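All values derive from a computational prediction rather than experimental measurement. When a residue number appears, it is its place in the shown sequence, counting from 1. For ligands, and for the atoms within them, numbers begin at 1 and follow the listed sequence.
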Amino acid sequence: MRETASHWKYPDGKLDSRLRGNDQGFERVRIPDETGAGFSHRKTYKLSSMTSCPSRFIAVVFDNWLLHTPRWIEVCLSQMGVFEMGVPTQTVKTAYDSAMENFDLAAEALDLSTNVRNMIKYPERILHVNLPVRMDSGHIQRFEGYRVQHSTARGPAKGGIRYHPGVTLDEVKALATWMTWKCAVVNIPFGGGKGGVTCNPKEMSLTELERLTRRYASAILPLIGPERDIPAPDVYTNSQIMAWIMDTYSMTKGYPIPGVVTGKPIALGGSLGRNEATGRGVYYTVQSAGEHLRVPIKGAKVVVQGFGNAGSIAAQLLDSNQAYVIAASDSRGCVYNANGLDIPKLIMHKEKTGGVVGMVNSETISPQELLALECDILIPAALENAIDATNAGAVKAKIVGEAANGPVTPEGDAILEKNGVFVIPDILCNAGGVTVSYFEWVQDEQHLFWEAQDVYNRLERVMKNSFAEVLKIRLDRKVSMRTAANMLGISRVAEATALRGLYP
Ligand code: NAD
């Protein structure tokens, strides 16, 4: 018998036991709430350790927990087709499934042999760490963390560290895989890596975050180093966290080693232009796509999903080049103004209030409405799987610039391609961040630092040349931009691997 929504009772973990029983869905769900009235922000609401649930959903749940009740989550679950009143109705693809699928598409197009595929497709090394951390209350809380090195064929592994409640090994593997192809697409001498800790930094004090970071840095210490694996910031990590990692690593070695991380504060060997590099790179590739499609930036209507580091800076550059950013969102909601939002004011508003909602001269719209807005350029800059089979058909943008990693699923991709939407794939579009990370590492190694304009000029050259190379493959081989970018990245890794040979 199929259960109905009204049978779902809160609190006391009933939802917990229901979902845990369904191994196609949540592995562990804990939603304690003594009042039954909804979420209380004093509690930890963990929907984590997912095995086969899309991280987009986890993000939606986590990021909206202040606004929505568990009833809303339940509705959302069934609307997404993950569960129909507690019964799993589909096996949901994970980010890693998407990464593997995209690899296969490009490998087919490149006619790569099985031998080469076996050498380059899978992560080289995976470290799963247990992180006991003393919290401010005195108790010790356990977190889990990961560091994955997908490839070191072309150089040291390179990739960010994510702090988020939805972090899973599967997600980190996917992100590490994308880093390998991304570094190869922009032709910088790095492989791919990624790290993450399953935690909710929004619920942690600064001192707790520091203790967690130092413990995580110690735990992954055997893998990292300027010649081995160089972390950087990602979602909910920043330059301060990089400074703590640099310090922990340096204290252990006995001398300062700034090149162990990038995205550091300038005072510790960070690079000018690193903070805005991803957004700036997004801007350069969107500009190139606009030139190719004859969609001028001036007067273009832009929608940004995820007004964080990457999204807000891309918005700022587009706005200062006379585009109209008509909508923007973050984890708390979406704002819209048909005549264009005042972006400098929106940035200040978000800094002051923590979110975009409540901005003057704006109306609130739903996340679904935001993705379906009539616009020229859509920039998904939040998390994975934002655009999938369920909503890709509603996208009306001419250009989708993937500032986020993996924001479009393979099914979503096929729909966008069929509808003539020009997608600038993540491994090209957001590669500005890792490109300037490379510049930072070079500066650290040489102890010689560059002017901001020098960084911007070099970045523009790298992004525009890479865009042109990917576009050429698309046009020559009649494949999507994503397959073209994967073909470029994968062929470079395959070449390096073949030249190095198989050891032993
Ligand atoms: P960030 O933490 O600065 O910003 C993320 C933003 O997304 C936040 O404003 C958050 O509120 C918002 N968000 C979260 N869930 C959302 C949801 N469901 N709907 C709408 N908004 C939501 O992180 P960032 O560094 O800007 O990273 C964003 C994306 O860009 C990630 O996919 C990341 O991997 C990718 N990326 C970042 C960099 C970089 O250098 N920062 C480089 C390459 C790729």
Return the CD1 to OG1 distance between Ile415 and Thr409, rounded to the nearest 0.5 Å.
7.5 Å
Could you tell me if the side chain of Pro265 sits less than 4.5 Å from the side chain of Gln240, heavy atoms only?
no
Does atom CZ of Arg125 have more than 12 heavy-atom neighbours from other groups under 6.0 Å away?
no
Between Asn391 (side chain only) and Ala386 (backbone N and O only), is there a donor and an acceptor less than 3.5 Å apart?
yes
Counting each atom of ligand 1 from 1 as listed, which ones have a heavy atom of Tyr236 under 4.0 Å away?
2 (O), 10 (C), 11 (O)
So which of Asn275, Val304, Val235, Leu371 gets nearest to atom 27 (O) of ligand 1, if we judge by its closest heavy atom?
Val235
Look only at interatomic distance and state if Ser331 has a nitrogen or oxygen under 3.5 Å from any nitrogen or oxygen of ligand 1.
yes
List every atom of ligand 1 that sits less than 4.0 Å from any heavy atom of Asp234, numbering the atoms from 1 in the order shown and giving each element.
33 (C), 34 (O)
Given that the side chain starts at C-beta and the backbone is N, CA, C, O, which of these parts of Ala232 lies under 4.0 Å from ligand 1, counting heavy atoms, or is it both or neither?
neither
Mark yes when over 12 heavy atoms from residues, nucleotides or ligands other than Tyr324 sit less than 6.0 Å from its OH; otherwise mark no.
no
Ignoring angles and geometry beyond distance, decide whether Thr278 reaches within less than 3.5 Å of ligand 1 through its nitrogen or oxygen atoms.
yes
Where's the contact between Lys350 and ligand 1, heavy-atom distance under 4.0 Å: side chain, backbone, both or neither?
side chain
Kindly assign one of parallel, tilted or perpendicular to the pair His164 and Tyr236, based on the angle between their ring planes and the thresholds 30° and 60°.
parallel
Within ligand 1, which atoms have a heavy atom of Asn309 less than 4.0 Å away?
1 (P), 3 (O), 4 (O), 25 (O), 26 (O), 41 (N)
Quick check on contacts: which atoms of ligand 1 are under 4.0 angstrom from a heavy atom of Phe307?
9 (O)
What do you reckon, is CG of Asn321 surrounded by more than 12 foreign heavy atoms closer than 6.0 Å?
yes
Looking at Arg482 and Glu402, does any basic side-chain N land under 4.0 Å from a carboxylate oxygen?
yes
Side chain, backbone, both or neither: which part of Glu402 comes within less than 4.0 Å of ligand 1 when only heavy atoms are counted?
neither
For Gly412 versus Ala392, what's the shortest heavy-atom pair and its separation?
O-CB, 3.6 Å
Quick check on Lys301: does its NZ atom have over 12 non-hydrogen neighbours (other residues, nucleotides or ligands) under 6.0 Å away?
no
Would you mind listing which atoms of ligand 1 come within a distance below 4.0 Å of any non-hydrogen atom of Arg162?
31 (C), 32 (O), 33 (C), 34 (O)
Which atoms of ligand 1 are found less than 4.0 Å from any heavy atom of Ala404?
29 (C), 30 (O), 32 (O), 35 (C)
Which word best sums up how the rings of Trp450 and Phe439 line up, parallel for under 30°, tilted for 30 to 60°, or perpendicular for over 60°?
tilted
For Lys182 and ligand 1, does the shortest N/O to N/O distance drop below 3.5 Å?
no
Where the closest heavy atom to atom 28 (C) of ligand 1 is concerned, which of Gly333, Gly281, Ala381 has it?
Ala381
Could you list which atoms of ligand 1 come closer than 4.0 Å to a heavy atom of Ala382?
7 (O), 13 (N), 16 (C), 21 (N), 22 (C), 28 (C), 29 (C), 31 (C), 32 (O)
Ligand 1 contact by Pro233, heavy-atom criterion under 4.0 angstrom
no
Which ligand 1 atoms, with their elements, are less than 4.0 angstrom from a heavy-atom of Gly306?
7 (O), 12 (C), 21 (N)
Applying a heavy-atom cut-off of 4.0 Å, say which part of Glu384 lies close to ligand 1: side chain, backbone, both or neither.
neither
Atom of Asn486, atom of Ile427 and distance for their closest heavy-atom approach:
OD1-CD1, 3.3 Å
Output yes when the distance from some N or O of ligand 1 to some N or O of Asn405 is under 3.5 Å, and no in every other case.
yes
Of the choices Ala310, Pro367, Ala386, which has the non-hydrogen atom that lies closest to atom 26 (O) of ligand 1?
Ala310
Aromatic plane relationship, Phe190 with Tyr438 - under 30° parallel, 30 to 60° tilted, over 60° perpendicular
perpendicular
With the threshold set at under 4.0 angstrom, would you say Arg274 reaches ligand 1 through any of its heavy atoms?
yes
Taking heavy atoms and a distance under 4.0 Å, where does Ala277 meet ligand 1: side chain, backbone, both or neither?
neither
